[in-house]
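Note sheet for the following structure.
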Amino acid sequence: QVQLVESGGGLVQAGGSLRLSCAASGRTFSSYVMGWFRQAPGKERAFVSAISGGGGRTSYADSVKGRFTISRDNAKNTVFLQMNSLKPEDTAVYYCAARQGTFVAVESRSYDYWGQGTQVTVSS
């Protein structure tokens with residue numbers, strides 16, 4: 001069982017930056033692929049980014065490539081999402097997710113554990 005707690009959301013102006021963190025419980029954090037998803041009002045949950053257990057492989061949605069960077073610190077059981085050049089369309093609740101294995105999945109159904117989410121609001 002893995003428990004995930006996100007933090008770092010907030011209100012920011014367009015063009016600004018935020019850094020999301022997701023702290024995980026457990027002693028086998030490095031065996032989990034970690035992902036970030038987001039859900040805007042009235043929309044389905046969408047893939048943002050994911051990273052392999054060792055951090056060597058990453059994946060990004062086209063809409064965030066070049067602006068967002070995912071990373072992890074396995075010694076601290078934490079995954080990060082650095083978000084730069086934020087746009088109003090990035091406004092959403094951002095969720096951290098975990099899945100065992102090595103496949104860096106982009107589908108939400110592939111993830112077994114989810115955090116409670118953190119709100120990111122980008123004003124124009």
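All residue numbers in this chain count up from 1 along the given sequence. Keep in mind that what you see is a predicted model, and the values were worked out from it rather than measured.
Panel note: side chain Tyr111, backbone Ala105; a donor-acceptor pair is recorded below 3.5 Å. At least one donor-acceptor pair closer than 3.5 Å links the side chain of Asn74 to the backbone N or O of Gly53. In this structure, Arg99 contributes its side chain and Gly35 its backbone to no donor-acceptor pair below 3.5 Å. Not a single donor-acceptor pair under 3.5 Å links the side chain of Gln82 to the backbone N or O of Arg19. In this structure, Arg72 contributes its side chain and Ser52 its backbone to a donor-acceptor pair below 3.5 Å. Listed for the Thr121 side chain is no donor-acceptor partner under 3.5 Å among the backbone atoms of Thr91.
A continuous path of Ile, Leu, Val, Met, Phe, Trp and Tyr side chains, each step under 4.5 Å between heavy atoms, connects Tyr60 with Met83, placing both in one hydrophobic cluster. Side-chain heavy atoms closer than 4.5 Å link hydrophobic residues (I, L, V, M, F, W, Y) into clusters, and following such links, even through other members, never connects Tyr95 to Val2. Cluster membership check: Val12 shares its hydrophobic cluster with Val64, using side-chain heavy-atom separations under 4.5 Å among Ile, Leu, Val, Met, Phe, Trp and Tyr. Val48 and Tyr113 fall within a single hydrophobic cluster, where Ile, Leu, Val, Met, Phe, Trp and Tyr are joined by side-chain heavy atoms under 4.5 Å apart, directly or via other members. By the criterion of side-chain heavy atoms lying less than 4.5 angstrom apart, applied directly or through intervening Ile, Leu, Val, Met, Phe, Trp or Tyr residues, Val120 is grouped together with Ile70 in one hydrophobic cluster.
Across Val33 and Val104, no two heavy atoms sit closer than the pair CG1-CA, 4.0 Å. Residues Leu11 and Ser123 share a closest heavy-atom pair of CD1-CB, 4.4 Å. Smallest separation of non-hydrogen atoms from Ser71 and Ile51: CA-CD1, 3.8 Å. Contact between Gly9 and Leu20 at its shortest, heavy atoms only, is N-CD2, 3.6 Å. Heavy atoms only, all atoms of each residue included: Val79 and Phe29 are closest at N-CZ, 4.1 Å. Scanning both residues, Gln116 and Val5, for their nearest heavy atoms gives OE1-CA, 3.8 Å.
Side-chain contact check for Ser59 versus Phe47: some heavy-atom pair is nearer than 4.5 Å. With contacts defined as side-chain heavy-atom distances shorter than 4.5 Å, the pair Leu18/Phe68 does not qualify. With a 4.5 Å cut-off on side-chain heavy atoms, Trp36 and Cys96 count as touching.
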*In sequence, state the C-alpha distance, the side-chain angles, and the governing distance for Lys87 and Asp90, and then conclude on salt bridge (Lys or Arg N to Asp or Glu O under 4.0 Å).*
CA-CA 5 Å; Lys87 304 175 181 180; Asp90 294 318; over 6 Å; no
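Between the SG atom in Cys22 and the CD atom in Glu6 there is a gap of 5.0 Å [rounded to 0.5 Å]. Atom OH of residue Tyr32 and atom CG of residue Leu4 lie 9.5 Å apart, to the nearest 0.5 angstrom. Interatomic distance, Arg45 CZ to Glu107 CD, rounded to the nearest 0.5 Å: 14.5 Å. Annotation: the span from Ser124 atom OG to Glu89 atom CD amounts to 10.0 Å, rounded to 0.5 Å. Expressed to the nearest 0.5 Å, how far OG1 of Thr118 lies from CG of Leu81 amounts to 11.0 Å.
For the residue pair Arg38 / Tyr94, a side-chain donor-acceptor distance below 3.5 Å is found, with atom types taken as modelled.
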